[in-house]
Amino acid sequence: MSEEKSLNFLEEIIEKDLAEGKYKYIHTRFPPEPNGYLHIGHASSIHLNFGLAKKYKGKCNLRFDDTNPTTEETEYVESIKNDIKWLGFEWDGEYYASDYFEQLYGFAVKLINKGLAYVDDSTAEEIAALKGNIGVPGTNSPYRERTVEENLRLFQEMREGKYKDSEKVLRAKIDMAHPNLLLRDPILYRIKHEHHHRTGDKWCIYPMYDFAHGQSDSIENITHSICTLEFIHHRPLYDWCIQQLEIFPSHQYEFARRNLSYTVMSKRKLLQLVNEKHVDGWNDPRMPTVSGMRRRGYTAAALRNFCDTIGIAKRENVVDLSLLEFCVREDLNKLATRSMAVLDPVKLVITNYPEGQTENLEIENNPEDENSGKRTVPFSNEVWIEREDFMENPPKKFFRLGMGLMVRLKGAYIVQCNDFKKDENGNITEIHCTYIRESRSGNDTSGIHVKGTIHWVSVAHAKTAEVRLYDRLFRVEDPSSEDGDFKDYINPDSLQVLPQVFIEPSLAAAKPGEHFQFLRKGYFCVDTDSSAEKLIFNRTVTLKDSWAKEQKK
RNA sequence: AGUCCGAUGGUGUAAAGGUAGCACUACAGUUUUUGGUACUGUCUGUCUAGGUUCGAAUCCUGGUCGGACUACCA
């Protein structure tokens, strides 16, 4: 336990519980519903639950909250497990709420026997109508006073499939006038003649969240059941069930879910983006999903560090996307191999360099890592450079190419521009330079110092690749709080595809998932769709660009 | 309207009655064969009104503002 870092409110509770001997060790759990893919908010919860267990030498279970067969699928189970592992966490037990269906059924029978639950024949509309409203008490259901025997028989028949969907429900008998709407005789079981991804057709009644979650926690002896703020109103019901059932008293604690600027986080909205093809699936690199971020090139370490940095609390929040990007750059800076790629090319001809001659230059792979070694980069009299690195009428602080200006070609020579060509539309088509023979990188005896260094790729040796430039998915910080539909705020430029980018030859061997820094352009990751025949790079994040800022002034 | 939760710079998060700190962002500068990295510095904050106290971001009371809850979803 590091005393240097201050404790968050959950750590304080846990340390108190441990100090007072309330528990010998703690047991947490991460309880996803397998009806969608994990996103960065889940990553935060995973990091919290698994992190707490690790810090206090306790345990953390993975439990799928699969009580609604309508929306849940095995495909999601697999992706969730995969994402958690990728994030670097291991669960102690792998459980499913559906494993407890028989036990849960028994709990319901116990409640009926105690006179605390009843079968209601009302329709959904009738139940809603009798529920009352915020500030308005509800009314008792006409079926509320059925005898224990009748309830037992009816509930049994529900299980046996005697009734159609929605014909009957099992309800807790609590208080129809309670100020907390959730305590107005909440529904415990509903009939759904549907195939469940794990129990198949064994059941046609399924417990509701409130009659499954707390009990599952209890069955697993979870000490600290951590969930998000919107469940705070459920806690009295959570406690009520545990108390009436007389089972292990797990406790629920709530924290505020983390929001990220320039994106949306709700599963419903993410599903919409996928279904309506605004993005290319759940793992589209623009999605805030774990799989999307992984494909984009974000690392697990960066994500973990991000979760650590934003911390947890109980107030509403929107975390700045720039913090996530900072964490990603920080990690990639240490591990990404540098290389050169020209995204928007223009030809530079070195007029005093022998045509047909090739030099193999040795360039460092990563100045941040001494052990990363060097690679060979071929140089010749014609190189591609970035169009934006040349200006016909450069401003004062432009440290790049323009008539008479000098720059160093990274790892090679200093060149000076003496001429350029334009087409009929005024576009620059070719830049002519002379190179300083004595300025070769590593043994520069020219005595010339230039302000700018630019990247390049030899025309004769260049390979090509597709590059996908990603930007934030939305134009506004909080799309959900804007007027109208959140989809109206999608950034139309969130993806820009460059079909043919010139890359240095060493990049041709890049494999899917590998990270690179394209010098001065950003961090890139080889896409999962990439192949030896057709290389595809995703831009993970740009480099900080103080020149771009300077220009905006 | 009822119940519950929350309020610290632009953002996120600390300070458990005693110097309002850290990170990101922004800005300025140093270093640099990436206008990257690294390093240095600067700006900006306790919702409000009372009260308790030698002393309040912290405790108490009132107010204000924001959020959640009215699914046979979780």
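Labels below follow one simple rule: chain letters A, B, ... track the order of the sequence lines, proteins then strands, and each chain is numbered from 1.
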Participant: Searching all strands shown, indicate the nucleotide that pairs with B:rA57 (Watson-Crick or G-U wobble; both distances under 3.5 Å).
Facilitator: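 WC or wobble partner does not exist here.
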Participant: Distance between the P atoms of B:rC72 and B:rG66, in whole angstroms?
Facilitator: 29 Å
Participant: Answer yes or no: are there more than 12 heavy-atom neighbours, outside A:Glu160 itself, under 6.0 Å from its atom CD?
Facilitator: yes
Participant: Starting at the 5' end of RNA chain B, which residue's closest nucleotide do you reach first, A:Glu167 or A:Lys521?
Facilitator: A:Lys521
Participant: I want to verify a distance call: between B:rC24, B:rG35, B:rG36, whose nearest atom is closest to the A:Asp545 side chain?
Facilitator: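 So the side chain of A:Asp545 is nearest to B:rG35.
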Participant: In terms of side-chain heavy atoms of A:Asn133, which of B:rU70, B:rC4, B:rC72 is nearest?
Facilitator: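 So the nucleotide nearest the side chain must be B:rU70.
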Participant: RNA chain B: A:Asn333 or A:Lys314, which has the more 5' nearest nucleotide?
Facilitator: A:Lys314
Participant: Considering only heavy atoms and no angle criterion, is a donor-acceptor pair shorter than 3.5 Å present between the side chain of A:His234 and the base of B:rA68?
Facilitator: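 Donor-acceptor pair under 3.5 Å: no.
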Participant: Once you apply a heavy-atom cut-off of 4.0 Å, does A:Val319 come out as touching a base, just sugar-phosphate, or nothing?
Facilitator: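 Sugar-phosphate: the residue A:Val319, judged by heavy atoms under 4.0 Å, touches backbone atoms but no base.
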Participant: Between A:Tyr76 and A:His197, is the ring centre distance below 6.0 Å?
Facilitator: no
Participant: By nearest atom, which of the nucleotides B:rU34, B:rA74, B:rA14 is closest to the A:Glu72 side chain?
Facilitator: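 Output: B:rA74.
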Participant: Looking across every strand, which nucleic acid part, if any, lies under 4.0 Å from A:Ser122 by heavy atom: base, sugar-phosphate, or nothing?
Facilitator: base
Participant: Which part of the nucleic acid, if any, lies within reach of A:Ala124 when heavy atoms closer than 4.0 Å are counted: base, sugar-phosphate only, or nothing?
Facilitator: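 Base, at least one base atom sits under 4.0 Å.
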Participant: Measuring only the C1' atom in each nucleotide, how far is B:rU13 from B:rU8? A whole number of Å is fine.
Facilitator: 10 Å
Participant: Would A:Lys55 and A:Glu11 count as a salt bridge (charged side-chain N to carboxylate O under 4.0 Å, His left out) if you check the C-alpha gap in whole Å, the side-chain angles of each, and the deciding distance to 0.1 Å?
Facilitator: CA-CA 9 Å; A:Lys55 177 171 179 180; A:Glu11 292 169 328; 3.0 Å; yes
Participant: Within the supplied structure, the quantity of interest is the number of heavy atoms (other residues, nucleotides, ligands) at a distance under 6.0 Å from A:Arg257 CZ; does it exceed 12?
Facilitator: no
Participant: Kindly indicate whether the side chain of A:Glu316 and the base of B:rG12 share any N or O donor-acceptor pair separated by less than 3.5 Å?
Facilitator: no
Participant: Using a cut-off of 4.0 Å on non-hydrogen atoms, how would the nucleic acid contact of A:Arg400 be classed: base, sugar-phosphate, or nothing?
Facilitator: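 If one applies the 4.0 Å heavy-atom cut-off, A:Arg400 turns out to touch a base.
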Participant: When you measure from the side chain of A:Ile232, which nucleotide among B:rG2, B:rU34, B:rC5 comes out closest?
Facilitator: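 Between B:rG2, B:rU34, B:rC5, the one nearest the side chain of A:Ile232 would be B:rC5.
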Participant: Given atom CG of A:Asn8 and atom C1' of B:rG12, what is their separation to the nearest angstrom?
Facilitator: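 The distance from CG of A:Asn8 to C1' of B:rG12 comes to 14 Å, rounded to the nearest Å.
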Participant: Ring centres under 6.0 Å, that's the criterion: do A:Phe379 and A:Tyr353 meet it?
Facilitator: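 Between A:Tyr353 and A:Phe379, which both carry aromatic rings, the centre distance is below 6.0 Å.
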Participant: What's A:Phe326 touching, base or sugar-phosphate or nothing? Going by heavy atoms closer than 4.0 Å.
Facilitator: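 Sugar-phosphate contact only.
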Participant: Taking only side-chain nitrogens and oxygens of A:Arg258, does any of them come within less than 4.0 Å of OP1 or OP2 of B:rU13?
Facilitator: yes
Participant: Would you measure the distance from the C1' atom in B:rA20 across to the matching atom in B:rU46 and give it in whole Å?
Facilitator: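 8 Å, rounded to whole Å.
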Participant: Within the structure shown, what part of the strands sits under 4.0 Å from A:Lys267 by heavy-atom distance: base, sugar-phosphate, or nothing?
Facilitator: nothing
Participant: Taking only the side-chain heavy atoms of A:Met208 (C-beta and beyond), determine which of B:rA15, B:rA74, B:rU33 contains the nearest atom.
Facilitator: B:rA74
Participant: Between B:rA74, B:rU34, B:rC24, spot the one nearest the side chain of A:Pro367, thanks.
Facilitator: B:rU34
Participant: Just checking A:Ile312: base, sugar-phosphate only, or nothing, at a heavy-atom cut-off of under 4.0 Å?
Facilitator: sugar-phosphate
Participant: Mind checking A:Glu33 for me? I need base, sugar-phosphate or nothing, with any heavy atom below 4.0 Å counting as a touch.
Facilitator: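 Touches sugar-phosphate only.
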Participant: For the C1' atoms, the ones on B:rC54 and on B:rC47, what distance do you get once it is rounded to whole angstrom?
Facilitator: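 Roughly 27 Å separates the two C1' atoms.
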Participant: Between B:rA23 and B:rA14, how far is it from one C1' atom to the other, in whole Å?
Facilitator: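 Their C1' atoms lie roughly 11 Å apart.
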Participant: Measure from the ring centre of A:Trp547 to the centre of the six-membered ring in the base of B:rG35, then say whether that distance is under 5.5 Å and the planes meet at under 30°.
Facilitator: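 So A:Trp547 counts as stacking on the base.
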Participant: Check whether any side-chain N or O of A:Arg184 sits under 4.0 Å from OP1 or OP2 of B:rC69, and answer yes or no.
Facilitator: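 The answer is no; no side-chain N or O of A:Arg184 sits under 4.0 Å from OP1 or OP2.
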Participant: Considering every strand shown, what is the Watson-Crick or G-U wobble mate of B:rG62 when both distances are under 3.5 Å?
Facilitator: B:rU48
Participant: Does a side-chain N or O from A:Arg315 land closer than 4.0 Å to OP1 or OP2 of B:rU13, or not?
Facilitator: yes
Participant: Could you check which nucleotide pairs with B:rC69 in any of the strands shown, counting Watson-Crick or G-U wobble with both distances under 3.5 Å?
Facilitator: B:rG2
Participant: Applying a 3.5 Å limit to both distances, which nucleotide forms a Watson-Crick or G-U wobble pair with B:rG21?
Facilitator: B:rU13
Participant: I'd like the C1' distance from B:rU52 over to B:rG10, given in whole Å.
Facilitator: 35 Å
Participant: For A:Glu368 and B:rU37, give me the distance from atom CD to atom P, rounded to whole Å.
Facilitator: 9 Å
Participant: Looking only at side-chain atoms of A:Arg338, point me to the closest of B:rG36, B:rC73, B:rG10.
Facilitator: B:rG36
Participant: Counting side-chain heavy atoms from CB outward, which of B:rC69, B:rA14, B:rU34 is closest to A:Lys410?
Facilitator: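 Looking only at side-chain atoms, A:Lys410 lies closest to B:rU34.
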Participant: Choosing from B:rU70, B:rC72, B:rA74, which nucleotide comes nearest the side chain of A:Asp65?
Facilitator: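 Nearest nucleotide to the side chain: B:rA74.
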Participant: Check every strand shown and say whether A:Gly452 touches a base, only sugar-phosphate, or nothing at a heavy-atom separation below 4.0 Å.
Facilitator: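 Result for A:Gly452 = nothing.
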Participant: Looking at B:rG36, which nucleotide sits across from it as a Watson-Crick or G-U wobble partner, both distances under 3.5 angstrom, or is there none?
Facilitator: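 B:rG36 is paired with nothing.
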Participant: Tell me what A:Phe231 touches on the nucleic acid: a base, only sugar-phosphate, or nothing, going by heavy atoms under 4.0 Å.
Facilitator: base
Participant: Please report whether the ring centroid of A:Phe524 lies less than 6.0 Å from that of A:Phe516.
Facilitator: no
Participant: Give a yes or no on whether a donor-acceptor pair under 3.5 Å exists between the nucleobase atoms of B:rU34, that is its base, and the side chain of A:Arg520.
Facilitator: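 Answer no: no donor N or O sits under 3.5 Å from an acceptor.
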Participant: Indicate whether the side chain of A:Asn360 and that of A:Thr376 have a donor and an acceptor atom separated by less than 3.5 Å.
Facilitator: no
Participant: Strictly below 4.0 Å: does A:Lys549 bring a side-chain N or O up to OP1 or OP2 of B:rG36?
Facilitator: no
Participant: Both distances below 3.5 Å, Watson-Crick or wobble geometry, any strand: find the nucleotide opposite B:rA26.
Facilitator: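 By the stated definition (distances under 3.5 Å), B:rU42 pairs with B:rA26.
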Participant: Classify A:Val318 by what it touches in the nucleic acid, base, sugar-phosphate, or nothing, heavy-atom distance under 4.0 Å.
Facilitator: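 The answer is sugar-phosphate, as A:Val318 gets under 4.0 Å only of primed atoms, P, OP1 or OP2.
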Participant: For B:rA74, take OP1 and OP2 only and decide whether either is under 4.0 Å from a side-chain N or O of A:Thr67.
Facilitator: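 Yes.
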Participant: Out of curiosity, A:Leu270 CG to A:Tyr37 OH, how far, rounded to the nearest 0.5 Å?
Facilitator: 12.5 Å
Participant: With a 4.0 Å cut-off on heavy atoms, is A:Tyr413 in touch with a base, just the backbone sugar-phosphate, or nothing at all?
Facilitator: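 A:Tyr413: no heavy atom of the nucleic acid under 4.0 Å.
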Participant: Provide the distance between the two C1' atoms, one in B:rU11 and one in B:rA7, to the nearest whole Å.
Facilitator: 15 Å
Participant: Across the strands shown, which category fits A:Glu12 at heavy-atom distances under 4.0 angstrom: base, sugar-phosphate, nothing?
Facilitator: base
Participant: So does A:Ser546 get a side-chain nitrogen or oxygen closer than 4.0 Å to the phosphate oxygens (OP1/OP2) of B:rG36?
Facilitator: yes
Participant: Indicate, with a heavy-atom threshold strictly under 4.0 Å, whether A:Ser322 touches base, sugar-phosphate, or nothing.
Facilitator: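 Sugar-phosphate only.
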Participant: Just wondering, do A:His213 and A:Arg29 contact through their side chains at under 4.5 Å, heavy atoms?
Facilitator: yes
Participant: Closest to the A:Asn317 side chain: B:rC72, B:rG12, B:rU33?
Facilitator: B:rG12
Participant: Just checking A:Phe231 against A:Tyr238, ring centres under 6.0 Å apart?
Facilitator: no
Participant: How far, in whole Å, is B:rC24 from B:rG67 if one measures between their C1' atoms?
Facilitator: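 Approximately 25 Å lies between the C1' atom of B:rG67 and that of B:rC24.
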